[in-house]
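Step one of this worksheet: look at the structure below.
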Amino acid sequence: MLAAHPLGLGGAPLGNLFHAVTEADVLAVIRRAWTAGVRCFDTAPHYGQGLSELRFGAALRGIPRAAFLLSSKVGRILDPVATAPACQHGYVDVPSFATRHDYTRAGFERSLADSRRRLQMERIDLVYAHDLDRDTHGPAYDRHFDDLCASGLPALAAMKAAGTIGGFGIGVNSVDAALATVRAAAIDVLLLAGRYTLADQSALAELLPECARRGVTVVLGGVFNSGILATGTAPGAGRMATFDYAPAAPAVLARVAALEVLCAEHAVPLPAAALQFAAAHPAIAITLAGVRSVAELDAMLAWRHHAIPAAFWHALRARGLVDPAAPLPADTR
């Protein structure tokens, strides 16, 4: 099911992450993705307090349901609250909902029922338990993790057995949280954001081999680490380079600056190198790209197919800019 979908469209920017996107632009992006051959679409209740799901459902309506792979997430329930702020969690101009976390069977059933209503689709192919990590939950992490293993994941397994969903797993930014889950429970898929990129290969040594051993398919998000691998170290227009949605630390800036030098020597766009590097690992089945305009999507598609000389990849490894064990596109040529 996943092997036929190497590039997917991520739904966070289309839920008004940091900037509002018009309904017309959302429709244009999703329809352009479709005509370009993209068949994997990922969204979540968290993306714009349900706004991304509403928009994906509207844009995909009329396309045969069996023709694309749709994923969403559970773990956050949206409760209607008239006084909820219009800007939440980095998303702007969002519907009036407040978020509460729930990783139990009841919480997952409620969340999926709400997602189906927003999407106006009965079937969601892949379901991820979203952001169950210590950075998100702090002291509540252990309680939520126990709920996930004892109640939430068994509920998703029952839904899969009944044919309601196609598969399930977790979506996290944390290598430690991902390892804890794949070792504690039998899941089908891991959505990992930002931990296997040109700037951060922390998933390489332990997590990706563990997934391979256990038959867990990996979907990769955050290949640009929220910005710096797309914009470089000097994005311009008064903006700073960001790494994981925060100003990039000096060590990250230095690493990316060295990558920029190498890219300039070989006339390779940094985003093209970032996208193709991440997709080269054999454990990665889908690479998700988040865009907010047709122009950004077209650039993403061009970077995916940009011809990068083998000499670039050899120099990348020789200069110590990637882990020596990281698979590179040149390794298969």
Side-chain angles (χ1 to χ4, degrees), residues 9-30 41-59 71-103 107 110-112 114-115 117-120 128-138 140-141 144 171-174 191 193-194 221-222 224-231 235-249 288-297:
L9 182 65
L14 299 181
N16 286 0
L17 181 61
F18 303 134
H19 306 285
V21 182
T22 69
E23 302 292 329
D25 283 344
V26 171
L27 179 62
V29 166
I30 294 175
F41 301 92
D42 177 73
T43 183
H46 181 57
Y47 301 160
Q49 300 297 83
L51 185 61
S52 177
E53 287 184 320
L54 287 167
R55 289 171 160 180
F56 269 73
S71 58
S72 194
K73 304 178 182 73
V74 291
R76 288 179 172 92
I77 292 175
L78 305 181
D79 293 317
V81 175
T83 58
C87 299
Q88 300 185 51
H89 317 297
Y91 294 87
V92 304
D93 296 340
V94 299
S96 298
F97 290 100
T99 299
R100 60 184 171 91
H101 292 95
D102 191 331
Y103 293 89
R110 159 72 188 279
S111 180
L112 279 174
D114 289 348
S115 289
R117 280 194 291 272
R118 285 188 289 266
L119 289 161
Q120 295 191 33
Y128 301 105
H130 200 189
D131 286 343
L132 184 44
D133 54 53
R134 294 192 183 278
D135 286 345
T136 301
H137 297 288
Y141 168 79
H144 287 313
V172 293
N173 301 328
S174 164
L191 171 52
F224 302 126
N225 286 115
S226 86
I228 193 166
L229 291 175
T231 66
R239 295 179 289 116
M240 63 181 63
T242 59
F243 177 86
D244 287 359
Y245 304 103
L288 294 175
V291 301
R292 64 182 74 249
S293 70
V294 170
E296 289 184 4
L297 177 60

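Excluded from the calculations below are hydrogen atoms, water molecules and symmetry mates; all remaining heavy atoms, backbone and side chain alike, are included. Numbering of residues begins at 1 and proceeds along the displayed sequence.
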Do H89 and V94 pass the side-chain contact (heavy atoms from CB on, under 4.5 Å) test, and can you show the C-alpha distance, the side-chain angles, and the key distance before you say yes or no? CA-CA 10 Å; H89 317 297; V94 299; over 6 Å; no
Report the residues that fulfil side chain to side chain contact (heavy atoms under 4.5 Å, CB included) with F18, sequence neighbours left out, ordered by chain and then residue number.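 Testing F18 for side chain to side chain contact (heavy atoms under 4.5 Å, CB included), a comparison that skips the adjacent residues, returns Y245.
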Check side chain to side chain contact (heavy atoms under 4.5 Å, CB included) between A230 and all other residues, then give those that pass, not counting sequence neighbours. F224
If I compare all heavy atoms of [X] with all of [Y], which pair ends up nearest, and what's the gap?
| X | Y | answer |
| --- | --- | --- |
| A44 | S72 | CA-OG, 3.5 Å |
| F56 | L14 | CE1-CD1, 3.9 Å |
| S174 | D133 | CB-CB, 3.9 Å |
| I228 | F243 | CG2-CD1, 4.2 Å |
| L51 | E23 | CD1-OE2, 4.5 Å |
| A20 | D93 | CB-OD2, 3.8 Å |

Considering only heavy atoms from C-beta outward, does the side chain of H144 approach that of T136 to under 4.5 Å? no
Do the side chains of V29 and V21 get nearer than 4.5 Å, heavy atoms only? no
Within the distance-only criterion (no hydrogens, no angle test), does the side chain of Q88 pair as donor or acceptor with the backbone N or O of F97 below 3.5 angstrom?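 Yes, the answer is positive, given that a donor and an acceptor are paired below the 3.5 Å cut-off.
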So, the side chain of S52 versus the backbone of G48: is there a donor-acceptor pair under 3.5 Å, distance only? no
Going by the rule side-chain hydrogen bond (donor to acceptor under 3.5 Å, both in side chains), which residues pair with [X] if we only count those two or more places apart in sequence or in a different chain?
| X | answer |
| --- | --- |
| Y103 | H137 |
| D244 | R195, N225 |
| Q120 | none |

Roughly how far, to the nearest 0.5 Å, is [atom2] of [Y] from [atom1] of [X]?
| X | Y | atom1 | atom2 | value |
| --- | --- | --- | --- | --- |
| R117 | L112 | CZ | CG | 11.0 Å |
| Y91 | N16 | OH | CG | 9.5 Å |
| F41 | L119 | CZ | CG | 12.5 Å |
| R55 | I30 | CZ | CD1 | 9.0 Å |

side-chain contact (heavy atoms from CB on, under 4.5 Å) assessment of Q49 paired with T99: CA-CA 8 Å; Q49 300 297 83; T99 299; 3.3 Å; yes
Do any side-chain atoms of residues 73-81 form donor-acceptor pairs under 3.5 angstrom with protein atoms, and if so which ones, sequence neighbours left out?
unit_1	atom_1	unit_2	atom_2	d
K73	NZ	D42	OD1	3.0
K73	NZ	D42	OD2	2.6
K73	NZ	T43	O	2.8
K73	NZ	Y47	OH	3.3
R76	NE	H46	ND1	3.3
R76	NH1	H130	ND1	3.2
R76	NH1	D131	OD2	3.1
R76	NH2	D131	OD2	3.0
D79	OD1	R110	NH2	3.3
D79	OD2	R100	NE	2.5

